[in-house]
2 protein chains.
Amino acid sequence: MLQLSKKVEYALIALRHMAMNSHGHVFTAKEIAVKYNISYELLAKVLQKLTKSGVVVSLQGMHGGYTLVKRPDQVQISYIINVIEEEKPTIAECYAEGGEDCSLFDACTIRKPLEKVQHNLNLLFEKTTLEQII
Amino acid sequence: MLQLSKKVEYALIALRHMAMNSHGHVFTAKEIAVKYNISYELLAKVLQKLTKSGVVVSLQGMHGGYTLVKRPDQVQISYIINVIEEEKPTIAECYAEGGEDCSLFDACTIRKPLEKVQHNLNLLFEKTTLEQII
DNA sequence: ATAAATACGACTGATCCGGTCTTATATTAC
DNA sequence: GTAATATAAGACCGGATCAGTCGTATTTAT
């Protein structure tokens, strides 16, 4: 209930791992997976998404891997979630992309008042950056 | 992602409905279900949980139904979630009951720092009461 | 050429969740 | 005392989601 997905957790763990160590260092998906006892394949996919979104940069081939290229204080948790889930974190369908087709939409009486809660949740995830979890 | 369940939404809609109208009035599950286009059986189960937890009182038999018996400003959203889901709203397994057996638990490096986010989420749902959604 | 790494899509098994159905019980109206 | 109307509660089902796996292609250093 209300929980972040494993993928997001793995992203945060991996990014934290990179942020902890010297900038410019290259980490392989495998070494991170082993270190934290995580499914290698799943972590790899997560890192690929982070690559596409520009949070890390990947080097292919032997001696390849991933490097963090953003300052930890510039990486918001909300952004990570957005990248991995491909949608914003919302407390109800109606606040998401295309939320108008929630079955309740027309009769819904709590959408307006809960907007404030959604807004505060947004703020919470926006103000929390990678730096805070180092 | 991070969304409240339909059951919680239905609870909030129903409770709001009751809170809007005069105190002491008895509402049937059916009339609420019809009014908001909600599955009657599901709503009924939700109301039964709210009855067990003392938020509403039920009257069985003909002319029966449910009555709100708590002041709207005394009913926290966090409490409703807790009652309906039978667990606290958490952003990760480790913050829930028996969270120690998350597969990541020992190697997890983000539990401690994310505690603050979890705490803020708790505050958010605690400070939001039924009154705010009327 | 080979080894080691990322890239990416397809597949699977388990779990969860919204919704339904059925039966029992309580209360009122007649 | 029977019928009608309500709550109470448990079992069941189908679809969706998700964590995790597998297979294959591609890139690059040695």
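Chain letters run A, B, ... following the sequence lines, proteins first, then strands; residues in each count from 1.
Between A:Glu9 and A:Lys6 a salt bridge is recorded (basic side-chain N to carboxylate O distance below 4.0 Å).
Listed by first and then second residue, the salt bridge (Lys or Arg N to Asp or Glu O under 4.0 Å) pairs involving residues 61-71 of chain A are A:Arg71-A:Asp73 (not counting sequence neighbours).
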Exercise. Summarise protein proximity over nucleotides 17-30 of chain D in one line of letters, 5' to 3': B for base, S for sugar-phosphate only, - for none, counting protein heavy atoms closer than 4.0 Å.
Key: --SBBB----BBBS

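Between the CD1 atom of A:Ile32 and the CG atom of A:Leu43 there is a distance of 6.0 Å, given to the nearest 0.5 Å.
Running 5' to 3' along DNA chain C, contacts with non-hydrogen atoms of chain B at under 4.0 Å begin and end at C:dG18 to C:dA29.
No more than 12 heavy atoms of other residues, nucleotides or ligands lie within 6.0 Å of NZ in B:Lys7, so this atom counts as exposed by the packing criterion.
Across all strands shown, B:Ala44 has no heavy atoms under 4.0 Å from either base or sugar-phosphate atoms. Residue A:Lys49 is classed as having no contact, given no heavy-atom separation below 4.0 Å to the nucleic acid.
Residue B:Ile134 is found in a hydrophobic cluster whose other members, listed by chain and number, are B:Met20; membership requires side-chain heavy atoms under 4.5 Å apart, directly or through intermediates.
In this view, B:Tyr79 satisfies the ring pair (Phe, Tyr, Trp, His ring centres under 6.0 Å) rule with no residue, not counting sequence neighbours.
Annotation: side chain of A:Phe105 is in contact with side chain of A:Arg111 (closest heavy-atom distance under 4.5 Å).
Closest approach of B:Val117 and A:Leu124 over heavy atoms only: O-CD2, 3.7 Å.
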Exercise. Quick one: the dot-bracket string of DNA chain C, using Watson-Crick and G-U wobble pairs with both distances under 3.5 Å, [ ] for crossing pairs and | for bases paired to another strand.
Key: ||||||||||||||||||||||||||||||

